[in-house]
Every structure is written in C-alpha cells, then in structure tokens.
2 protein chains.
Amino acid sequence: MRIGELAALAGTSPRALRHYESLGLLPARRDHRGHRDYDENDLRLLRQIRVLQDFGFGLEETRPFVECLRAGHPSGDVCPASLATYRAKLAELNAFIDELTQVRDEVRTRLQHAEAVTAPAPACVFNPLPEPPHRKAPPCPTPPP
Amino acid sequence: MRIGELAALAGTSPRALRHYESLGLLPARRDHRGHRDYDENDLRLLRQIRVLQDFGFGLEETRPFVECLRAGHPSGDVCPASLATYRAKLAELNAFIDELTQVRDEVRTRLQHAEAVTAPAPACVFNPLPEPPHRKAPPCPTPPP
DNA sequence: GTAGGCCCTGACGTCGGTGTCAACGCCAGC
DNA sequence: GCTGGCGTTGACACCGACGTCAGGGCCTAC
C-alpha cells in the first residue's frame, strides 16, 4: 500500500512516515516508480509507534518495541530492551509527577496566601452572598468547570 | 550595577537578561556609554521572574507579576492579573498531573503484563532463587534503585 | 493536451530559553 | 600603545516531531 493509505489507516500523516523512515524507524520498500510501498506488518509497527507516542515516548524510545516486533515477536514489549525502556519511562514519569506535584502545592499555597492578602473575596461568583466588607471570606470552593 | 553583576546576583546570565529586555520584561536604563544600568529594584523583579520560572512559568506568564511589582506593590502576586495567572497555572498543572498519572498507570500495567509474559523471571537479581523452568514466578518487587 | 491527484526530495519554519559565536567599543593598567 | 576584561548588537545553534512550501515526476481521466 502507498504512504497516504498507511498514514490514513494509522491516523497520521505521510510527512510523519517519511520522518520515521529518515530515522530508520520504519523503512519502506519502493515500487517501480520509487514510491514507498508498505504492507500489513508495517501497519503493525506503525501502530506500535503511535501508541507509545501517545504515552509520551519519544521516537527513539519506540525503537526497541519496533525492533522487537520486526524480530517476529507477537508483541513489541516482551523483549528485554522494551522492558528496560518501560521501566525507564516509568521512573521518569514518577519523578516528573512528583516534581509537578510539589510545584502545584507550592503554587496553590502562594495563590491562597495572595488571595487572603488581597481584596476580601468579591463574593463567590456562582454563590453570591452579601459579604461583610472585610477580610477572610471562606475560600470559594473550586467552581464547577 | 552592570549586567554581569546583576546576572551573578540572580544566578543567571547576561544573555538571559538581554533576552528579558528584548521582551520588554526587564528594560534597563543606560549609562553614558550605552551599558545597561540596573538597581536594587531590578534585582527584585528579576528574582520574581526566576522564582516563577523555577515553577515552570513561561516568561510571558511572569509578566503580570513583574508589572505588579513595578506598580509599587510589595509583592508581585497580589494583583488580579497575577492571581488569574496563578489560577490558570494551577489548573494547567492539575490537568497535566492527571494526564501523566493516567499514562503512568497504563505504562505500569503494560510493563507488568509484559513481565508476566516474558521469560519466567530470570530470578530476581537481588534475591536469586533456583526457579522451576516455567511460567509465572511471583513478580519481583521493584528492586531498590 | 491538460488538469487533478498522488508521489518524490530537499530545505526551512515552529516553539522557548537561552548558549555561543563574531565583530566591535570603551576603559584601566602596564 | 597594547592587552585584558567588560560591555554592546546581531545572528545562528539547539531540542523534537513534524508542517509546509518549492519544484518536479508519473499516472489517469476528460
């Protein structure tokens, strides 16, 4: 099948596939006129790439999984290199989540402090109460999104 | 004070300060020879920028805080625009954390599944046991990092 | 013949926050 | 006068995963 076809099947773009090929991640056979020619197996590899990408894996990080599939394994994640990549990503995610959580708590604290110092709550918008004119109204619960 | 001096005091680089000026974030007076000339107040503004940057704020997101300080407020975060920026950042952080958490759980699940399918645990490295040759060894507890 | 549709390669643009040149000016100390 | 050290501006480099454009080829249908 041709590049546009495969791209559509995998929900991506021809440009992306050319990029993958340029990285050696998804090389393509060529037909008589030089057009890229893909088959069902390429679709499998491509789907593997896309799934991992959705998890935030970089393209290089998908390589072990793709190689694993190409080596004939029914699943891309059973090879040692894939497992190692999973574990590294997991550690990375955990570290990142921790960091972000700390930042969030700090920002939240600063926000609350600033709110307390600032003008005495202009009455929660979604629950307007006549407020006494000064200081320390109960914090507005997060309004419904 | 001169640019190198201020940069050193704030733990950043002259290049960064020039960049901030190019954004109109931290404009500088000039001395008789065209060199940038900063004072203590600029140092306050710069510190505000850096703190927020450490929290992952983009430079544009620090602008309300800097303006607030420049307007004479003792703290950069008491102005309405600063509060709004805090709230937006908080929402962004929460959304991001949630997303990352979901991804992490998914990755963890996949890892566990792949581990279970793979070679029957080549004996937990930090607790080697002679294993019967097939399937479903108890999962290695996460090895100490 | 020509228009449309798909394909090709190659190269530059994007986003943010600098790092790192290049080429120059100005001042102090020797 | 020359060197070193600081400053100046302007411009390009980086990271990643493509988007987008330019310029051209091949095939099919009208």
Side-chain angles (χ1 to χ4, degrees), chain A residues 1-39 42 45-66 85 88-89 92-93 96 100 103, chain B residues 1-39 42 45-66 85 88-89 92-93 96 100 103:
Chain A
M1 87 186 81
R2 290 173 304 171
I3 193 171
E5 210 172 339
L6 178 62
L9 282 176
T12 181
S13 67
R15 178 66 182 89
L17 300 193
R18 293 192 190 104
H19 184 51
Y20 302 162
E21 179 172 323
S22 79
L23 298 178
L25 197 56
L26 189 67
R29 289 151 299 283
R30 302 302 181 112
D31 68 13
H32 62 99
R33 56 196 142 179
H35 289 196
R36 289 172 180 80
D37 183 28
Y38 301 93
D39 61 20
D42 292 318
L45 305 189
L46 180 52
R47 285 204 213 277
Q48 175 76 78
I49 294 172
R50 300 249 96 203
V51 166
L52 294 175
Q53 257 193 323
D54 286 346
F55 293 160
F57 284 56
L59 289 176
E60 283 308 325
E61 291 173 326
T62 71
R63 198 182 291 274
F65 298 82
V66 176
T85 304
K89 201 64 179 179
E92 191 186 314
L93 282 165
F96 199 18
L100 284 180
V103 167
Chain B
M1 86 188 78
R2 289 172 306 171
I3 193 169
E5 210 174 338
L6 179 62
L9 282 176
T12 181
S13 67
R15 177 68 182 87
L17 300 194
R18 294 193 189 102
H19 184 51
Y20 301 162
E21 180 172 323
S22 80
L23 298 177
L25 198 55
L26 190 67
R29 289 152 301 284
R30 300 303 179 110
D31 68 12
H32 63 96
R33 58 197 139 177
H35 289 196
R36 290 171 180 81
D37 182 28
Y38 300 93
D39 60 19
D42 292 317
L45 305 190
L46 180 51
R47 284 204 213 278
Q48 175 76 77
I49 293 171
R50 300 249 96 203
V51 166
L52 294 175
Q53 255 192 326
D54 286 347
F55 293 160
F57 284 56
L59 290 176
E60 283 308 324
E61 291 172 327
T62 70
R63 198 181 289 275
F65 298 82
V66 177
T85 304
K89 201 63 180 182
E92 193 185 312
L93 282 166
F96 199 18
L100 283 181
V103 167

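Quick note: numbers below take in every heavy atom, side chains included, and nothing from hydrogens, waters or symmetry partners. Proteins come first, then strands; the chains are lettered A, B, ... in the order of their sequence lines, and each starts at number 1.
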Requested in this report: Identify whether any heavy atom of B:Thr12 sits under 4.0 Å from a base atom; if not, whether one sits that close to sugar-phosphate; answer base, sugar-phosphate or nothing.
Outcome: nothing
Requested in this report: Would you mind telling me which of C:dG25, C:dT9, C:dT18 lies closest to the side-chain atoms of B:Ala16?
Outcome: C:dT18
Query raised in the report: Which nucleotide, C:dG25, D:dC27, D:dG19, lies nearest any side-chain atom of A:Arg33?
Result: D:dC27
Query raised in the report: Across the strands shown, which category fits A:Arg15 at heavy-atom distances under 4.0 angstrom: base, sugar-phosphate, nothing?
Result: base
Query raised in the report: NA contact type, B:Arg36, heavy-atom cut-off 4.0 Å: base, sugar-phosphate, or nothing?
Result: sugar-phosphate
Query raised in the report: Nearest of C:dC8, C:dG17, D:dG7 to any side-chain atom of B:Gln53?
Result: C:dG17
**Report entry** Test item: B:Asp37 side-chain N/O and B:Met1 main-chain N/O as donor-acceptor pair under 3.5 Å
**Finding:** yes
Report summary line: Whole-Å distance, A:His35 NE2 to D:dG24 C1', equals 11 Å
Query raised in the report: Which nucleotide in the set C:dC8, D:dC18, C:dT18 lies at the smallest distance from any side-chain heavy atom of A:His19?
Result: D:dC18
Query raised in the report: Between A:Arg18 and C:dA11, does any side-chain N or O lie under 4.0 Å from OP1 or OP2?
Result: no
Query raised in the report: So, are B:Asp31 and B:Arg2 salt-bridged, with charged N and O less than 4.0 Å apart?
Result: no
Query raised in the report: Within 45° of the ring axis of B:Phe57 and under 6.0 Å from its six-membered ring centre, is that where the NZ or CZ of B:Lys89 lies?
Result: yes
Query - N-O pairing of B:Arg30 and B:Glu21 below 4.0 Å - result: yes
Query - Whole-Å distance separating the NE2 atom of B:His32 from the C1' atom of D:dT8 - result: 14 Å
Report task. Could you check A:Gly4 against B:Glu60 and say which one's nearest nucleotide on DNA chain C is further toward the 5' end? Result -> A:Gly4
Report summary line: Interatomic distance, CZ@B:Arg47 vs CG@B:Asp42, rounded to 0.5 Å, equals 12.0 Å
**Report entry** Spacing of B:Tyr38 atom OH relative to D:dC6 atom P, expressed in whole Å
**Finding:** 16 Å
Query raised in the report: Between A:Ser13 and D:dC18, does any side-chain N or O lie under 4.0 Å from OP1 or OP2?
Result: no
Query raised in the report: Does OP1 or OP2 of C:dT18 have a side-chain N or O of B:Tyr20 closer than 4.0 Å?
Result: yes
Report summary line: Which of C:dT18, D:dA17, C:dC7 is nearest the side chain of A:Leu59? It is D:dA17
